[in-house]
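What follows is a structure written as structure tokens; I'll ask about it next.
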Amino acid sequence: MPLSLNEIRKRATEFSKEWENVSDERAEAQSFWNSFFNVFGVSRKRVATFDKPVKKADGHQGFIDLLWKGIVLVEHKSRGKDLNSAFKQAKDYFPGLKDEELPRYIIVSDFHKIKLHDLEADTNSEFELKDLYKNINLFGFISGYQQKVYKDQEPVNIKAAELMGGLHDALLANGYEGHELEVMLVRLLFCLFAEDTTIFDKQQFTNYIELRTKEDGSDLGIHLEQLFQTLNTHEAKRQKNLDEQMAAFPYVNGSLFAEHITLASFNSDMREKLLVCCYFDWSVISPAIFGSMFQSVMNPKERRNLGAHYTSEKNILKLIKGLFLDELHEEFENVKSSKPRLQKFHEKISKLKFFDPACGCGNFLIITYRELRLLELEVLKILFKGQLVTDVSTLSKIDVDAFYGIEYEEFPAQIATVAMWLSDHQMNMRLSTEFGEYFKRLPLKKSATIVHGNALRLNWEDIVPKGQLSYILGNPPFVGKQMMTKEQDSDMSFVFQNIKGSGVLDYVTAWYLKATHFIKNTVIEVAFVSTNSISQGEQVAILWNELLNLKVVINFAHRTFKWSNEASGNAGVHVVIIGFSLVPKPLKILYEYLDYKSEPSAKKVKNISPYLIEGANSFVVRRKTPICNVPELIKGNQPTDNGNYLFTDEEKEEFVKREPNSLKYFRRFIGSNEFINGITRWCLWLKDANPVELKKLPLVLERIENVRQFRLLSTKEATRKKAETAYLFDEIRHTDKEYLVIPEVSSENRKYIPIGYVDSNVITSNKNYMLPNASLFHFGILNSTMHNAWTKQVTGRLESRIQYSNGIVYNNFPWPQDLPTQKIKGVEKLAQQVLKVRERYPESSLADLYDPLTMPADLVRAHQDLDKFVDTCYRPQPFETEMQRIEFLFDLYKKYTQPLFGSEKKKKK
């Protein structure tokens with residue numbers, strides 16, 4: 001059993017007295033370091049070797065005074081020698097070491113002084129031998145009392161996952177696969193972590209593999225099977241003649257080693273890969289981060305960008321702080337001065353229970369557990385201040401059995417269970433460090449309840465009775481409607497039953513509805529991370545109308561931000577966090593972001609609407625006509641031609657060269673991309689074409705036949721019917737007048753959606769919207785910040801890009817009403833100025849002109865002038881923030897649409 005910190009301090013004092021008057025003879029060095037390791041309760045013979053031969057940087061033979069592979073290298077000198085030179089000599093040994101042998105720490109000493117270098121943190125500490133007892137915290141990597149501050153995107157976690165990936169690949173290539181391979185890896189992970197964190201003795205697992213198994217690996221599988229059986233057997237029930245080294249392993253229990261699995265066959269290379277894993281320092285991994293990475297080693301595609309496959313702790317904390325942690329810390333501050341109230345608070349947090357119905361590798365549960373234990377530690381430090389604690393195990397009232405989860409895949413469910421144990425042990429070590437007495441929970445008697453299954457089909461009450469549950473949290477799968485599998489589609493139908501319009505909803509919404517039904521008649525609070533689509537576009541009215549009818553109240557929310565980590569190549573997902581319950585809180589907290597990458601600012605509000613803004617719970621529903629008296633916005637023309645009628649410049653030139661009489665049927669053609677980026681494309685526009693002329697154009701006829709065959713193969717009856725008029729575009733809405741174009745898809749990074757007039761000779765595709773009969777007034781309002789703010793709030797998204805629509809955005813936009821002629825003419829004048837400035841840059845596309853980095857200054861000023869004037873068309877006071885604009889527009893929308901809703905109700909009545 002590891003020593004308590006109090007015992008280590010006592011030993012350090014005795015060691016310093018014993019060696020303070022040592023002679024300068026180098027022969028004493030080995031005895032010195034044997035005693036030094038003994039101070040921390042570690043046998044030097046178990047972990048490190050003396051006088052390891054190695055080739056130095058200059059090619060000469062050298063001998064390392066002491067090496068603990070992968071952990072520490074010691075260079076010892078006679079009293080008074082230069083320790084900086086000793087450090088340089090130690091570094092000279094590095095070229096002769098294998099990668100897995102390279103140490104993180106270097107210790108140099110001359111009997112009188114000790115200097116520790118942490119190569120990873122790039123720090124060093126120097127002290128006299130008599131002060132060792134004051135510095136024992138520096139040697140946590142020996143004693144096991146090592147405090148770790150986890151950072152996002154830790155290279156050490158990636159390295160650990162890569163090591164496990166190498167072992168996984170070797171076993172898989174040998175035919176060891178599936179469930180048994182997953183169980184094997186999880187068990188090995190536990191053993192590796194255990195020997196580096198005092199669950200096992202230092203190097204206990206490594207030494208057993210090195211000393212008791214053959215170098216060719218032929219008996220390694222047998223030894224592992226026996227070890228797993230031993231770890232699952234109570235010491236009192238083990239066979240009396242069990243190998244002494246095997247018998248020294250503790251009883252673990254917890255069902256981790258209970259299942260019998262097929263014996264794995266190893267070879268020398270596979271044994272070496274396992275030993276390389278053993279030489280790694282597993283005490284420094286974060287169970288929360290490593291779990292996701294560990295899962296990703298199973299997928300070769302994911303492993304290529306391993307760092308991208310975890311959720312940063314910083315982002316997880318955003319959810320758990322808003323859900324419960326901030327409130328608990330605030331309550332702690334209020335009660336900590338009163339011992340009776342603090343004891344009640346301790347009792348309260350010990351009874352909290354948490355459930356993640358899409359837990360993956362357990363990230364949210366692990367960090368929730370860690371933060372709750374850290375809060376408990378602050379409570380215990382006050383309650384037991386100045387008291388001698390002899391049994392630390394009685395202090396903590398929080399254990400992993402208060403945590404529940406469901407995970408669809410088996411392997412991450414196994415990882416989650418083990419990761420919770422690992423996190424528990426790390427927190428027990430923190431407790432041990434604080435109170436100076438060692439504490440570990442072994443054998444494992446309790447575990448988190450992680451169920452392998454489909455969360456949308458299981459009865460959550462069977463997993464955790466809702467009368468006992470406090471919080472539900474997590475990040476259900478980010479799967480859009482178009483990306484769902486048949487099984488996921490079936491899940492949606494199962495959860496939403498016959499709710500009208502639910503066919504357009506994303507997969508994550510099913511967790512919202514299921515959670516809402518589950519928490520009925522309780523005070524349970526829920527918070528989920530979700531793609532921001534559930535607070536934008538047509539999904540809002542469908543989902544939230546149902547939830548609000550069930551009395552859901554949003555208590556806190558993070559508006560859109562980027563859910564990612566710092567890994568290179570990780571694009572991230574644009575998400576929101578929504579915390580809700582059926583019991584309203586007096587004040588709600590809304591977290592706003594200046595942009596998707598910025599830090600949030602908190603704002604206390606009376607109500608948070610489904611659009612995650614302050615205001616009433618009103619919905620923007622899909623409409624066929626505008627709510628205001630403005631021209632109708634229509635979709636462009638849809639070819640449905642499999643590309644047969646579309647041409648680049650080169651393709652058109654080649655086609656006309658072969659069939660010159662086809663030239664008269666070519667028209668400029670623009671989709672969103674062509675319109676924004678100034679790309680030239682062409683289409684064959686055969687509307688009103690003379691059949692006699694067409695028969696003389698065999699290449700054109702060939703294209704028509706191709707389109708006919710393509711449409712006949714469609715699964716849609718309407719498209720097959722259009723094969724009868726294959727020479728025409730599938731849907732034709734072209735106008736013979738100049739029209740305004742609004743691209744369906746455009747970048748979210750632009751302040752203004754690129755909108756412009758197009759000549760009637762140009763055919764626009766269904767990837768654009770057309771506004772015929774658009775005046776300069778219409779152009780001006782649509783190009784204003786008011787319209788852009790509305791669009792970004794209510795529009796749907798294609799990935800993170802704006803996906804404009806007439807039914808949701810344009811038809812619901814609250815235009816300024818009852819304007820005097822002077823105001824209308826003012827907008828027209830400033831709109832004309834925007835167009836004039838654009839004309840100064842004939843070589844620039846709209847993408848160039850509206851790029852935030854290259855937008856010309858005069859165009860910026862023209863838009864600013866237009867914005868200021870349009871603002872005055874709505875109200876005299878200026879809008880200070882975009883949120884003010886959005887809140888104002890929603891109030892206006894509610895005012896405009898109330899009569900519409902009223903008339904609809906009368907009709908129904």
Side-chain angles (χ1 to χ4, degrees), residues 1-4 41-47 144 167 171 176 179-215 217-266 270-271 274-275 277-278 282-283 391-393 399-401 414 417-422 424-425 428-429 432 437-448:
M1 177 182 291
L3 301 176
S4 68
V42 174
S43 168
R44 192 279 312 163
K45 291 181 181 179
R46 270 186 182 275
V47 300
L167 185 58
L171 287 164
Y176 199 69
H179 170 77
E180 293 183 321
L181 171 58
E182 294 170 356
V183 172
M184 172 67 75
L185 290 174
V186 170
R187 289 177 178 179
L188 291 175
L189 168 65
F190 181 88
C191 293
L192 293 166
F193 183 87
E195 73 167 358
D196 284 338
T197 57
T198 75
I199 297 175
F200 295 169
D201 289 340
K202 282 286 183 182
Q203 297 287 101
Q204 187 175 7
F205 179 67
T206 303
N207 288 340
Y208 187 85
I209 301 300
E210 283 187 326
L211 302 176
R212 306 311 295 269
T213 67
K214 296 178 181 178
E215 288 190 7
S218 59
D219 63 348
L220 178 53
I222 298 172
H223 280 278
L224 287 176
E225 182 181 37
Q226 187 179 15
L227 173 61
F228 296 159
Q229 291 176 2
T230 302
L231 293 172
N232 194 53
T233 306
H234 194 284
E235 286 90 345
K237 295 184 178 180
R238 294 175 181 174
Q239 297 179 46
K240 298 293 185 286
N241 63 343
L242 188 65
D243 176 87
E244 183 179 350
Q245 197 171 352
M246 177 72 75
F249 283 95
Y251 172 46
V252 173
N253 195 21
S255 75
L256 176 59
F257 298 98
E259 181 186 354
H260 175 74
I261 58 174
T262 304
L263 190 71
S265 178
F266 286 77
M270 294 159 72
R271 178 179 180 272
L274 177 57
L275 284 173
C277 290
C278 292
W282 292 86
S283 70
D391 187 1
V392 177
S393 65
D399 208 337
V400 293
D401 62 339
Q414 292 177 11
T417 302
V418 173
M420 286 294 289
W421 281 327
L422 304 187
D424 177 60
H425 183 69
N428 293 338
M429 293 303 293
S432 302
E437 294 295 330
Y438 179 69
F439 164 47
K440 70 176 177 181
R441 286 188 175 119
L442 210 65
L444 301 171
K445 296 179 180 178
K446 298 178 179 179
S447 67

Check: W421 side chain, F190 main-chain N or O, donor-acceptor pair, under 3.5 Å: no

Taking side chain as C-beta onward, heavy atoms only, is T198 less than 4.5 Å from M429? yes

May I ask you to test the V186-L256 pair for a side-chain heavy-atom distance under 4.5 Å? yes

Quick one, F193 and S283 - any side-chain contact, counting heavy atoms below 4.5 Å? no

Indicate yes or no: does K445 engage D401 in a salt bridge with an N to O separation below 4.0 Å. no

Output for pair (L242 CG, F249 CZ), nearest 0.5 Å, gives 10.5 Å

Do R271 and T213 have a side chain donor and acceptor closer than 3.5 Å? yes

Residues G221 and F266: closest non-hydrogen pair is N-CD1, 3.8 Å

Within the structure provided, determine whether L275 and E210 are in side-chain contact (heavy-atom separation under 4.5 Å). yes

Ignoring hydrogens and geometry, is there a side-chain-to-backbone donor-acceptor pair from E195 to T206 under 3.5 Å? yes

Test your reading of the model: is there a side-chain donor-acceptor pair from D243 to the backbone of M246, 3.5 Å cut-off? yes

Supply the atom-to-atom distance L231 CG to Q226 CD, rounded to the nearest 0.5 angstrom. 10.5 Å

Treating H223 as the side-chain partner and I209 as the backbone partner, does any N or O pair qualify as donor plus acceptor under 3.5 Å? no

Do R187 and F228 meet the cation-pi criteria used here (NZ or CZ under 6.0 Å from the six-membered ring centre, within 45° of the axis)? yes

Rounded to the nearest 0.5 Å, what separates atom CG in L171 from atom CE in M270? 4.0 Å

State, to 0.1 Å, how close W282 and C277 come at their nearest heavy-atom pair, and which atoms those are. NE1-O, 2.6 Å

Under a 3.5 Å distance rule, please check whether D424 uses its side chain to pair with a backbone N or O of M420 as donor and acceptor. no

Rounding to 0.5 Å, atoms CG (L274) and CG (L167) come to a distance of 6.0 Å

Residues in side-chain hydrogen bond (donor to acceptor under 3.5 Å, both in side chains) with N241, at least two apart? none

Is R441 salt-bridged to D399, cutoff N-O under 4.0 Å? yes

Correct closest heavy-atom pair for R238 and T233 would be NE-O, 3.0 Å

Rounded at 0.5 Å granularity, tell me how far CZ in F257 sits from CG in L224. 10.0 Å

Residues which pass side-chain contact (heavy atoms from CB on, under 4.5 Å) with H179, listed by chain and number, not counting sequence neighbours: V183, E259, E410, Q414

In terms of ring plane angle, is the pair Y251 and H234 parallel, tilted or perpendicular, where the classes change at 30° and 60°? tilted

To the nearest 0.5 Å, what is the distance between CD on E182 and CD1 on I261? 11.0 Å

Donor-acceptor under 3.5 Å (R46 side chain, Q204 main chain): no

Of all the heavy-atom pairs spanning Q203 and V47, show the shortest one and how long it is. CG-CG1, 2.9 Å

Verdict with reasoning, C191 to F200, per side-chain contact (heavy atoms from CB on, under 4.5 Å): CA-CA 8 Å; C191 293; F200 295 169; 4.1 Å; yes

